[in-house]
Amino acid sequence: MSIAPSSGPGDPPPDPGAALDDLLGLLDLEPIERDIFRGQSRPTIVPRVFGGQVAAQALVAAGRTVPADRGAHSLHAYFLRMGDPGAPIVYTVDRIRDGMSFTTRRVVAVQHGRPIFHLSASFQRYEEGLDHQAPMPPAPDPDTLPTAAEALPSYARHFTDPAAAERLLEARAAVDLRYANPPPYATVGEVREPRSQVWFRTAGKLDDDPLLHVCLATYVSDMTLLDSVLLAHGRGGWAVGDVMGASLDHAMWFHRPFRADEWLLYDQESPSAAGGRGLGQARIWTRDGRLAISVIQEGVIRALG
């Protein structure tokens with residue numbers, strides 16, 4: 001499927017509120033049988049389903065089979081095949097275990113008769129316990145950073161496609177995402193420390209359902225995690241045309257309550273790249289310094305040219 005036409009220079013910018021409503025609609029899966037759900041996709045900046053979308057939808061499917069008093073505490077996922085954004089995705093949930101404190105679910109996402117994604121998720125009934133955390137790293141105040149709409153036009157000269165900036169804005173319109181340091185496509189050819197920070201929040205308020213906030217953080221977590229791999233090699237990414245890549249596997253641990261409609265700091269780094277793969281690891285902090293989520297992802301990263 002080809003990428004949908006992007007807005008032109010004379011078109012109005014994406015409406016964040018409408019984009020968030022659209023994203024929430026994507027996460028509101030259609031139940032078609034017990035433990036079977038159907039999800040839709042939307043046009044993306046590359047001709048495949050965005051990995052964060054399928055991960056978030058799979059977590060929604062799992063969460064709808066779990067008692068409301070048990071929150072998601074971890075997920076482990078594999079991206080098996082490229083998803084077709086023009087076809088629905090069917091999510092089948094396997095109720096692996098319902099214990100006294102923990103509940104485990106396995107979800108398989110299927111398109112055209114073949115699995116494209118596999119997720120295992122664990123949920124836990126809240127309980128008190130030992131509590132400590134690493135200190136939050138220093139980061140600039142998000143309100144002092146440029147928005148994507150303010151920053152992206154200045155980077156467009158690096159893109160092979162003149163419409164790439166508009167496509168990025170469209171793809172991320174539901175999320176207010178601000179880089180604390182220049183993204184990879186801003187410093188092409190410059191080898192930098194393999195570390196990146198972004199602040200993010202949804203482009204509007206959400207209701208109080210904890211699962212919704214967890215699923216939206218899962219959606220965003222796939223947007224920038226491999227940036228640090230590119231920084232270590234002076235590569236700019238898909239829009240620059242100097243690498244090709246795709247997510248391979250993804251893991252998240254949800255430590256403390258948070259809201260995805262309030263500022264979250266995504267502190268990311270890459271400890272290794274080898275064998276055509278790059279590893280990204282990250283922590284996500286609330287603005288007041290609570291460690292909310294840990295994330296690890298490996299992806300295919302192949303240099304072009």
Whether [X] side chain and [Y] backbone form a donor-acceptor pair below 3.5 Å:
X: Q133; Y: L291; answer: yes
X: H255; Y: I293; answer: no
X: R178; Y: P142; answer: yes
X: Q57; Y: Q40; answer: yes
X: S228; Y: S270; answer: yes

The side-chain contact (heavy atoms from CB on, under 4.5 Å) partners of T286 (sequence neighbours excluded) come to F258, L264, D288, R290, A292

**Asked** Of all residues at least two apart in sequence or in a different chain, which pass the side-chain contact (heavy atoms from CB on, under 4.5 Å) check with R97?
**Response**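 Testing R97 for side-chain contact (heavy atoms from CB on, under 4.5 Å), a comparison that skips the adjacent residues, returns F102, T104.
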
Discussion item. Going by side chain to side chain donor-acceptor pair (under 3.5 Å), name the residues that satisfy it together with D141, two or more places apart in sequence or in a different chain.
Written reply: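 Per chain and number, D141 pairs via side chain to side chain donor-acceptor pair (under 3.5 Å) with R287.
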
- Step by step, work out the side chain to side chain contact (heavy atoms under 4.5 Å, CB included) result for V110 and F117. CA-CA 7 Å; V110 176; F117 178 82; over 6 Å; no

Indicate the atoms forming the closest heavy-atom contact of [X] with [Y], along with that distance.
X: A164; Y: A239; result: CB-CB, 4.2 Å
X: A121; Y: F123; result: CB-CE1, 3.8 Å
X: A139; Y: L265; result: CB-CD2, 3.7 Å
X: V243; Y: G237; result: CG2-CA, 3.5 Å
X: A87; Y: Q111; result: O-NE2, 2.9 Å
X: A62; Y: V93; result: N-CG2, 4.2 Å

For a quick check under 3.5 Å, do [X] and [Y] share a side-chain donor-acceptor pair by atom type?
X: T187; Y: R192; answer: yes
X: T224; Y: Q268; answer: yes
X: D227; Y: Y179; answer: yes
X: H250; Y: D222; answer: no
X: R70; Y: T103; answer: yes

Does the side chain of [Y] come within less than 4.5 Å of [X]'s, by heavy atoms?
X: D208; Y: R259; result: yes
X: L225; Y: I296; result: no
X: Q281; Y: P271; result: yes
X: D261; Y: H213; result: yes

Linking I/L/V/M/F/W/Y whenever any side-chain heavy atoms sit under 4.5 Å apart, do [X] and [Y] land together?
X: M223; Y: W263; answer: no
X: L119; Y: L29; answer: yes
X: V295; Y: I301; answer: no
X: L279; Y: V229; answer: no
X: L24; Y: L59; answer: yes

Nearest 0.5 Å please: distance from the [atom1] atom of [X] over to the [atom2] atom of [Y].
X: L145; Y: D176; atom1: CG; atom2: CG; result: 10.0 Å
X: R283; Y: E269; atom1: CZ; atom2: CD; result: 8.0 Å
X: F200; Y: L177; atom1: CZ; atom2: CG; result: 8.0 Å
X: D35; Y: T65; atom1: CG; atom2: OG1; result: 5.5 Å
X: D15; Y: E170; atom1: CG; atom2: CD; result: 12.5 Å
X: Y91; Y: R38; atom1: OH; atom2: CZ; result: 12.5 Å

Are there more than 12 heavy atoms of other residues, nucleotides or ligands under 6.0 Å from atom CZ of R302?
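Counting other residues, nucleotides and ligands, CZ of R302 stays at 12 neighbours or fewer.
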
(message) Tell me if the CZ atom of R64 is crowded by more than 12 foreign heavy atoms within 6.0 Å.
(response) yes

Ion pair check, R105 and D94, cut-off under 4.0 Å: no

Full working for side chain to side chain contact (heavy atoms under 4.5 Å, CB included) between S41 and I89: CA-CA 8 Å; S41 298; I89 307 171; 3.8 Å; yes

* Should T218 and M252 be marked as a side chain to side chain contact (heavy atoms under 4.5 Å, CB included) after you check the CA-CA gap, both sets of side-chain angles, and the distance that decides it? -> CA-CA 8 Å; T218 300; M252 302 180 73; 3.7 Å; yes

- Task: Give the intermediate values and the outcome of side chain to side chain contact (heavy atoms under 4.5 Å, CB included) for residues L304 and M244.
- Result: CA-CA 7 Å; L304 303 177; M244 67 80 64; 4.3 Å; yes

Does the separation of the ring centres of Y219 and F50 fall below 6.0 angstrom?
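Yes, close enough.
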
- Between H76 and W253, does the ring centre distance come in under 6.0 Å?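 For H76 and W253, the ring centres are under 6.0 Å apart.
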
Residues pairing under ring-ring contact (aromatic ring centres under 6.0 Å, His included) where one sits in residues 134-162, two or more places apart or in two chains, turn out to be Y155-Y185, F159-Y185

Residue pairs meeting side chain to side chain donor-acceptor pair (under 3.5 Å), one or both in residues 196-207, sequence neighbours left out, come to Q197-D267

Those residues at least two apart in sequence (or on a different chain) that pass salt bridge (charged side-chain N to carboxylate O under 4.0 Å, His left out) with D22 are R42

